[in-house]
Amino acid sequence: MNSTYSAFALRLSSNIPIPCLMATTDLSESPDVAVHLCSSPFAGGKETAQLEELVYASAYADERGAPALRVWRIGTDKYLRLDYYDGVQFWLDRAGQNVWSVWPDTTSLENAATYLVGPVLGLLLRLRGIVCLHASAVAIGDRAVAFVGSEGAGKSTTAAALAQRGNAVISDDVAALVEQEGCFSVLPAYPHLSLWPDSVEMLYGPDKTLPSLSPDWGKHLLSLTANHLKFEQRSLPLGAIFILGDRSPDPREQFLESLPPKEGLLSLVTNSFATNLLDQDMRAREFSLLGRLLSVVPIWRLRPEKEAAKINQLCRTIEDLCTSPPRWSQSAPQ
């Protein structure tokens with residue numbers, strides 16, 4: 001019997017239980033996405049007869065110098081295949097309705113699931129026409145607040161620090177945006193955060209032990225439920241965006257500043273998810289949506305902190321800024 005899950009307002013059905021996703025017992029509707037683990041769409045090796053085109057190679061490389069990820073267009077643009085450096089493979093159909101995955105004996109389901117719930121679902125959302133940002137999001141009051149940045153910028157750490165203060169987490173690393181009648185909302189993802197060991201120590205002290213995200217990953221899994229933190233299961237309107245900038249060695253330097261719309265738009269486009277795989281039409285729709293978003297949602301540049309005392313001060317500043325009533329409705333700073 002298949003397992004059913006909810007993530008990013010999608011119902012996923014999987015032939016094998018998926019670690020880290022939130023199971024649902026509501027079987028009243030058909031799934032939006034079918035996940036086929038230990039399986040490919042090409043039974044009997046028929047893929048070898050399909051035309052392959054390399055469309056993306058990661059700048060990150062393994063110890064042999066090979067790209068950490070390569071993405072191929074298969075056949076007449078019917079499938080995308082993701083080849084990870086450790087042998088884990090995923091196929092997605094172009095409609096974003098099916099995902100297949102296989103992996104060698106040298107890795108595990110847990111490692112494959114780590115890819116699935118992060119970058120693979122992010123790409124699937126893009127195929128379904130949903131714009132996604134490299135961002136973590138929390139609920140402050142009745143609005144979503146997104147923290148946008150590249151890997152290691154401090155997105156999850158900032159979200160975890162706000163969660164410790166009673167704010168509910170909405171998503172981690174992938175923030176999916178939907179527009180309805182001029183309002184932009186963030187879709188709820190799954191009830192955990194992924195933290196590097198130094199972030200765990202900063203937030204919880206040296207004695208805190210968290211399980212590894214998976215055997216081959218350096219990050220740790222912060223389960224919101226197990227650590228008495230809140231998860232927001234509703235889609236919430238986006239109230240503010242913070243671009244996480246570089247940390248400054250000068251403690252006197254301003255750590256929070258508003259961004260003009262043009263600079264804000266460039267920052268969002270730079271940090272959109274799967275940007276290297278967008279075709280011309282998808283990129284144009286994304287650019288238009290982000291432009292409309294910045295006409296109604298304020299955006300700031302934020303310099304994250306690494307010291308516990310300072311990050312608490314930063315969280316208070318963010319909360320005060322976002323709970324000030326005029327801030328929710330103002331346009332992006334001019």
Side-chain angles (χ1 to χ4, degrees), residues 20 22 133-149 152-175 185-211 213 219-245 247-248 251 254-258 297-330:
C20 303
M22 187 172 62
L133 299 174
H134 277 290
S136 296
V138 300
I140 297 180
D142 59 354
R143 301 285 178 127
V145 177
F147 300 92
V148 179
K155 304 182 295 295
S156 301
T157 303
T158 305
L162 285 163
Q164 285 184 319
R165 297 172 59 83
N167 301 288
V169 173
I170 301 174
S171 66
D172 184 32
D173 198 48
V174 178
S185 298
V186 180
L187 301 176
Y190 34 76
H192 73 262
L193 293 167
S194 303
L195 298 174
W196 293 108
D198 57 347
S199 295
V200 176
E201 182 172 349
M202 180 188 70
L203 295 169
Y204 287 98
D207 298 328
K208 181 69 171 180
T209 301
L210 292 177
L213 188 61
K219 282 190 170 184
H220 293 277
L221 178 71
L222 179 67
S223 166
L224 302 179
T225 303
N227 288 275
H228 309 290
L229 303 174
K230 298 177 182 176
F231 174 61
E232 179 56 71
Q233 299 187 43
R234 301 170 298 166
S235 299
L236 290 183
L238 182 59
I241 299 171
F242 293 88
I243 304 294
L244 299 188
R247 296 177 176 87
S248 172
Q254 184 181 18
F255 61 84
L256 186 64
E257 58 184 354
S258 62
V297 177
I299 183 169
W300 289 273
R301 178 184 289 114
L302 172 68
R303 301 187 188 279
E305 297 287 354
K306 278 194 169 182
E307 298 178 24
K310 290 184 177 180
I311 199 170
N312 284 329
Q313 176 188 350
L314 185 62
C315 288
R316 286 194 295 271
T317 301
I318 293 170
E319 290 168 341
D320 291 344
L321 188 66
C322 293
T323 53
S324 176
R327 292 289 186 179
W328 289 124
S329 57
Q330 74 172 25

Tell me every residue that passes side-chain contact (heavy atoms from CB on, under 4.5 Å) with [X], counting only those two or more places apart in sequence or in another chain.
| X | answer |
| --- | --- |
| Gln233 | Met22, Phe231 |
| Thr317 | Phe255, Leu256 |
| Asp173 | His134, Lys155 |
| Ala160 | Leu193, Leu195, Leu203, Leu222 |

Between [X] and [Y], what is the shortest heavy-atom contact and its length?
| X | Y | value |
| --- | --- | --- |
| Glu319 | Asn167 | OE2-ND2, 2.8 Å |
| Val145 | Cys322 | CG2-SG, 3.8 Å |
| Ile170 | Ala144 | CD1-CB, 3.5 Å |
| Cys20 | Pro191 | O-CD, 4.4 Å |
| Leu244 | Gly154 | CD1-C, 3.5 Å |
| Val200 | His220 | CG2-CB, 4.3 Å |

### Lys219 atom NZ, neighbour heavy-atom count above 12 within 6.0 Å
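Enclosed: over 12 neighbouring heavy atoms sit under 6.0 Å from NZ of Lys219.
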Nearest 0.5 angstrom please: [X] [atom1] to [Y] [atom2], how far?
| X | Y | atom1 | atom2 | value |
| --- | --- | --- | --- | --- |
| Ile318 | Gln313 | CD1 | CD | 11.0 Å |
| Leu162 | Thr157 | CG | OG1 | 11.0 Å |
| Ile243 | Trp300 | CD1 | CH2 | 12.0 Å |
| Ser258 | Ile299 | OG | CD1 | 10.5 Å |

Go through the structure and list residues passing side-chain hydrogen bond (donor to acceptor under 3.5 Å, both in side chains) with [X], not counting sequence neighbours.
| X | result |
| --- | --- |
| Ser156 | Asp172 |
| Lys208 | Asn227 |
| Ser185 | none |
| Glu232 | Arg234 |

### Task
Quick one: list whatever passes ring pair (Phe, Tyr, Trp, His ring centres under 6.0 Å) with Phe147, sequence neighbours left out.
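With sequence neighbours excluded, Phe147 shows a ring pair (Phe, Tyr, Trp, His ring centres under 6.0 Å) to Phe242, given in chain and number order.
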### salt bridge (charged side-chain N to carboxylate O under 4.0 Å, His left out) partners of Arg316, counting only residues at least two apart
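With neighbours one apart ignored, the set is empty.
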